[in-house]
Amino acid sequence: QDIPTIRVGWTIPAEEAKYWMMRRPDAFPELGKSYRIEWTQFQGTAPMVQAMLSNALDCSSQAPLSLGQGVINGQLKAYVIAQHAGESPSSFSVYWGVREADPIKRPEDLKGKTVGVNVYGSGVHGQMAMILKNSGLDPAKDVQLVETGFPGSEAALRGGRVDAAVFVQPFAARAEAKGGIRKLFSLQQLMPNTVHVIEVCKADFADSHPDLVRHYVRDLTRAMQMAMARREETIAVVSEVTRAPVEALAGYLMTPSDFARSADMRPDTQAIQAMLDQYAELGMLSRRLDAGTLVRPDLMAPLQ
Amino acid sequence: MSDFIQIQGLSKRFEVPGRGAHLALDGIDMGVREGEFVSLLGPSGCGKSTLLYMVGGFVKPSQGQILVDGRAVQGPAPERGPVFQEFALFPWKTVLHNVMYGLRVQKVPAAQARERAEVLLEMVGLSDYAGFYPRQLSGGMRQRVAIARTLAYQPRILLMDEPFGALDAHTRTNLQNELLGIWERDRKTVLFVTHGVDEAVYLSDRVFVLSGSPGRLHRIVDIDLPRPRIRAELLTNLRYQQYVLELENMLDHARHVRSAA
Amino acid sequence: MSDFIQIQGLSKRFEVPGRGAHLALDGIDMGVREGEFVSLLGPSGCGKSTLLYMVGGFVKPSQGQILVDGRAVQGPAPERGPVFQEFALFPWKTVLHNVMYGLRVQKVPAAQARERAEVLLEMVGLSDYAGFYPRQLSGGMRQRVAIARTLAYQPRILLMDEPFGALDAHTRTNLQNELLGIWERDRKTVLFVTHGVDEAVYLSDRVFVLSGSPGRLHRIVDIDLPRPRIRAELLTNLRYQQYVLELENMLDHARHVRSAA
Amino acid sequence: MKWLEARLAPALWWSIASVAALLVLWQAVSGLGLVDARLLPSPLAIFAHLGEQLGERSFQFHIGQTLIRLLCGFAIALVIGVALGVVMALGGEAWLMPLVRLLAPIPKIAIYPALVLLLGFGHASKIGLVVADAVFPLILATFHGVRAVQPKLLWSAQAAGAGKIAQVLTVLLPSAWGSILTGCRIALVIACINVFLAEMISSTDGLGHLMIVAARSYQVVDMFVPLVLISLIGLALSRGIGFFRIG
Amino acid sequence: MPRAAGRILRRVAPVLALLSGWQLLAMALDMEELPGAWQALQTVPQILSSGEDVGSILASLRRMAIGYVLALLMVVPLGLSMGRCQRLARVVNPLAALAYPIPKAALMPIIMLWFGIGDLSKILVIFLGVSLPLLYHSYQGALQVDEKLWWSARAMGMGAVRGMLRVVLPAALPEILLGCRVAVSMALITMISSEMIARQRGAGDLLFNALDMAVYTEVYAMIVIIAVIGLTLDALVEWARRRLTHWTDAQGAAG
Ligand SMILES: Nc1ncnc2c1ncn2[C@@H]1O[C@H](COP(=O)(O)OP(=O)(O)OP(=O)(O)O)[C@@H](O)[C@H]1O
Ligand SMILES: Nc1ncnc2c1ncn2[C@@H]1O[C@H](COP(=O)(O)OP(=O)(O)OP(=O)(O)O)[C@@H](O)[C@H]1O
Ligand SMILES: [Mg+2]
Ligand SMILES: [Mg+2]
């Protein structure tokens with residue numbers, strides 16, 4: 001009866017492997033038998049770092065920025081064990097859109113304008129700032145920032161509350177279907193392989209329960225393979241978890257207009273390093289961080 | 001001459017949850033002339049207060065009606081000023097402001113209202129307590145404030161419910177005399193509830209005796225004593241004593257009616 | 001024999017916010033013997049209620065102390081039962097349950113408590129109103145419930161604050177007689193505040209007269225009338241009349257003291 | 001002045017004592033290392049940092065933004081709540097009560113996106129959120145307070161010739177005052193929480209924003225400074241309300 | 001019978017008016033963020049027919065009920081004691097004034113530290129939200145108790161504790177029940193918002209997920225469901241009030 005348990009935090013969206021494990025546990029022979037997972041959903045990645053710090057969670061999804069801040073400011077010790085979603089030259093890339101009719105053509109044209117971000121100080125906010133900086137603007141002074149959240153972006157843009165707004169799936173697909181919005185720039189402009197969601201486990205937990213973590217990594221990879229192989233079922237699973245209607249998901253999920261996923265879930269440590277460096281340059285991280293210290297190779301996907 | 005206050009076939013029935021209706025007053029017919037001083041006497045619980053509330057327009061009759069100066073009473077009006085048995089002072093106002101209240105409501109300038117209130121407080125012997133709050137007063141003091149509060153805005157009709165009940169003899173006599181003085185000067189119409197038979201005789205033109213359970217009009221006694229009345233003289237006046245005796249017997253009888261009902 | 005209730009150098013000072021201290025009672029020394037019936041007379045606001053509250057243990061004296069049966073009063077106790085000027089009935093309880101309450105608190109079985117409460121309600125003439133709530137009663141009825149409630153749990157000392165003030169003459173006489181009957185049977189000690197000089201003389205062994213502002217003990221009068229006293233007989237009794245006159249004069253004088261102070 | 005002192009003095013000392021006790025306890029807990037300083041820093045550290053920041057212009061600006069939203073929201077809720085409560089008690093119950101019952105338990109956070117689109121990202125939407133939540137305790141407290149008025153007090157006023165409005169101002173409100181103040185205390189707390197939440201969810205200024213930014217980068221002390229501040233603001237305002245007690 | 005029909009009509013009319021007002025507003029604004037009443041109501045059966053969703057809502061309600069009852073049992077006595085004991089009030093008041101304005105969502109990390117991320121922290125948050133009106137209203141209720149009622153009880157030999165229970169409690173009951181009424185809406189609101197940051201199977205989770213995914217018809221359907229739950233609980237409190245405080249003298253201003 002005393003099955004070892006991992007306490008895992010998750011968020012929405014873009015964690016299909018986890019949704020599979022939650023919703024189709026029977027597809028995983030070990031899960032629930034030799035180990036168990038206690039799932040808790042969170043709003044955003046930052047609370048999950050705090051939950052790990054207060055030892056309420058063992059593993060959770062993170063973004064490179066939130067992980068980096070947790071490590072630097074919170075003295076979190078953790079290993080990146082897998083990567084859920086990122087970008088590739090052929091995938092969807094997070095972008096800023098403007099109204100079709102507006103005379104804003106290049107990032108420089110945003111000078112003096114109001115720009116929406118999902119969350120102030122988030123990773124994509126950082127990358128946007130980098131792009132603005134590269135275009136010769138001072139991201140802190142030349143634009144007026146407003147927090148719209150991803151779901152509220154489209155309405156804020158169309159309603160004239162902001163001049164440029166950030167788009168991710170599924171909201172991008174929805175907005176594009178309606179038309180009237182033009183892509184201004186995307187993160188591809190900064191780097192081709194931005195990492196969005198990674199899986200992280202606390203180091204002390206992983207060091208004392210390496211086998212457990214390996215189980216978890218293996219099942220995650222298995223889940224990702226199933227998710228990529230059986231798209232119809234994946235859409236059903238995602239719809240169950242996120243409550244988004246199947247029709248809406250079918251339009252983009254696991255297609256080229258979605259984020260990039262790799263079947264082996266191998267973390268792109270170089271991209272992570274690049275992002276950490278950008279954040280350090282912007283001052284969002286107080287110092288540089290070596291991504292190499294954030295992995296333990298024998299606990300990282302893909303495992304044999 | 002038709003009566004100033006006409007009470008016609010007045011009944012009051014209270015709904016007592018779980019016990020059906022409770023008939024408090026039953027078919028009261030009476031008239032009060034303008035400028036008349038009328039007392040109501042009757043056993044405890046016979047409906048005197050209820051009757052006063054209905055004349056005041058605070059409580060709706062179950063049956064019958066009340067006309068004041070020919071018009072039906074629809075609700076409270078400043079022409080009919082009540083002094084309640086429970087005083088009902090505004091606890092958040094000082095004594096002075098309680099007394100000023102009616103005048104301020106009627107848009108009398110503050111200075112003038114204050115002046116008048118001070119005169120009345122002097123009259124009821126509470127000048128020293130103008131700044132006190134009601135809860136800092138004794139029972140009798142509260143009663144006096146309530147009297148002053150009503151007198152302040154000079155209603156044409158006074159509805160007084162045992163206004164001197166909580167006072168010592170001396171203060172009571174003083175206030176009785178003050179009340180008579182005011183009445184004689186302004187010729188107010190007064191409906192006065194009391195348990196003191198001597199008080200009723202001393203003050204009134206007529207005394208209405210009620211019997212209880214349910215309250216009915218038992219008898220009316222004309223008090224045919226010359227005015228102005230001097231208390232000390234009255235005490236040795238035979239007619240006065242006769243009235244007192246007569247009313248006491250009548251009240252005894254009224255109680256019998258009650259037990260018989 | 002030392003007194004049952006000893007009041008020594010008792011003063012009460014109220015803090016009136018914004019007006020400094022208000023001296024309500026000043027240096028009261030008095031003793032009451034066990035089983036004695038004592039009345040307090042005095043002008044309105046002289047501190048009679050306050051004195052009673054302190055004997056009851058509800059209010060702490062500013063100075064001095066009160067001993068009952070040799071022990072200092074620390075707080076309320078069921079041996080000292082109050083009847084408040086404002087009745088203070090529990091509004092959420094019916095008349096019957098108000099009266100039963102003290103007994104139930106003292107763990108008397110319900111059936112027995114109910115029986116006793118019914119006897120007392122009969123005595124105060126409210127048997128028909130057992131199921132009413134206080135707000136459905138007239139002023140006099142409430143007062144009678146309050147009396148019954150305190151008598152029900154048979155305190156050794158009764159502290160009664162104008163308990164018959166709101167009653168008509170007949171009911172009052174009845175209750176006076178009932179009270180005397182109880183007192184003669186159980187030999188309770190009674191501290192009785194009243195404004196009725198005749199009532200005080202009729203009921204008491206001794207009358208304490210207070211003068212006001214601040215309240216001081218003015219005089220003590222022994223009422224040397226034989227017991228049991230029959231009201232009808234007393235009225236024609238010369239000694240009785242003399243006492244009444246004497247006390248009335250004394251009260252007048254006490255008021256003078258007041259104005260002089 | 002005497003009156004003022006009398007009102008302040010004893011209560012103030014007890015307040016100070018109890019708050020001090022709390023701080024000492026907290027300091028002891030964190031000083032003795034009973035909790036992780038990364039999660040709960042010591043009050044000394046927080047207050048030192050707070051003192052430092054209070055002098056900074058930008059920090060004052062954030063406090064100002066929060067205070068404006070808080071006070072405007074509370075004031076609007078107070079006026080609307082008391083007015084509706086009175087109307088409800090004076091005969092509007094049949095119409096208003098069902099609406100209050102329906103609307104009160106709705107988590108207003110959920111309609112915040114709609115509020116933002118209606119009122120914009122500035123002060124208005126946040127004030128709107130505050131009002132939407134804080135108004136209900138005030139309506140109910142006023143309503144019940146007014147309903148519990150002793151009938152004879154009202155009768156006394158009516159007999160003195162007080163019109164409807166005078167009755168409301170001179171009898172109903174004063175006698176419901178205790179209840180209304182209680183409603184104010186609750187509404188005030190709700191206002192504090194909602195301002196903070198709104199600033200956490202979507203804002204680029206205000207204490208809630210400072211706290212969420214700090215929280216995202218695990219600057220624990222920075223995170224606690226706004227929290228301590230909002231709680232001090234709550235305390236100050238609540239004492240302010242207590243001051244308006246009658247008698 | 002026609003009378004009963006009229007009464008029902010009068011109860012329903014304001015609700016219908018509200019719904020039509022909402023519908024009209026939504027039509028006038030035509031924003032996705034604010035669907036009409038009709039669309040929202042259409043989505044309600046969909047939620048209620050899913051066993052899982054109903055289970056989530058019940059899980060939330062269970063947490064709420066626990067928090068509510070705990071607050072009732074612990075905070076009302078505290079509030080009443082504060083009303084009777086100035087000292088206690090002076091000690092507790094500032095602490096309460098300090099503790100309440102802190103948004104619990106922001107404190108989640110600390111709360112997680114002590115109570116984990118499960119039911120316990122959420123129940124605690126609900127408890128705090130509910131205890132706010134309960135504390136202040138029972139305090140206020142006890143403050144207003146007529147001194148002489150208390151004296152009467154003490155003179156009967158009632159101890160302080162029983163006096164609280166048998167005199168202060170009933171005398172303060174109208175005010176406490178008002179607190180209960182406010183607390184019902186606070187309970188629902190905190191029940192939902194306690195699930196905002198650390199989510200768990202529950203009504204708030206349904207609502208915030210829908211919000212995150214911008215499925216606004218579902219958001220508003222959840223709002224409707226919560227409002228109906230609120231209405232039901234409020235009716236329960238109102239029923240209790242009628243039963244428990246029929247003795248009050250508060251026909252009051254209605255006349
Ligand atoms: N709200 C009420 N509900 C039910 N019965 C009531 C109500 N108010 C008064 N009564 C009843 O009406 C009757 C008359 O009451 P009222 O107060 O008029 O008597 P009263 O003559 O003034 O007596 P008292 O001299 O004792 O003041 C009483 O039997 C009382 O029980
Ligand atoms: N809480 C209080 N604060 C300030 N003064 C008070 C307070 N209570 C009573 N007093 C004052 O104490 C004095 C005595 O009051 P008390 O009620 O004992 O008088 P009393 O003799 O019972 O009068 P009455 O016959 O009118 O009932 C009064 O002057 C009153 O103003
Ligand atoms: Mg009466
Ligand atoms: Mg007195």
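Keep in mind the model is a prediction, meaning the values are calculated, not measured. Per chain, numbering begins at 1; letters A, B, ... match sequence-line order.
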Does the pair D:R69/D:D205 count as a salt bridge with the N-to-O cut at 4.0 Å? yes
Report which part of B:F84 has an atom under 4.5 Å of a heavy atom belonging to chain D: side chain, backbone, both, or neither. side chain
Could you tell me which of B:G57, B:G81, B:G102, B:A88 has the largest number of non-hydrogen atom pairs under 4.5 Å with chain D? B:A88
Pi-cation contact, B:F4 with B:R156 (under 6.0 Å, within 45°): no
Which answer fits B:R104, side chain, backbone, both or neither, if we ask what part of it has an atom under 4.5 Å from a heavy atom of chain D? neither
For the interface with chain D, which of B:V83, B:T94, B:L89 has the highest count of heavy-atom pairs at distances below 4.5 Å? B:L89
Distance-only, no hydrogens or angles: does the B:Q112 side chain make a donor-acceptor pair with backbone N or O of B:P109 under 3.5 Å? no
Given a strict heavy-atom distance threshold of 4.5 Å, which part of B:F90 is in contact with chain D: side chain, backbone, both, or neither? both
I want to check a possible cation-pi pair here: D:K108 against D:Y112, using under 6.0 Å from ring centre and within 45° of the ring axis as the test. no
Taking B:E36 first and then B:R206, would you say they form a salt bridge - that is, a charged N and a carboxylate O separated by under 4.0 Å? yes
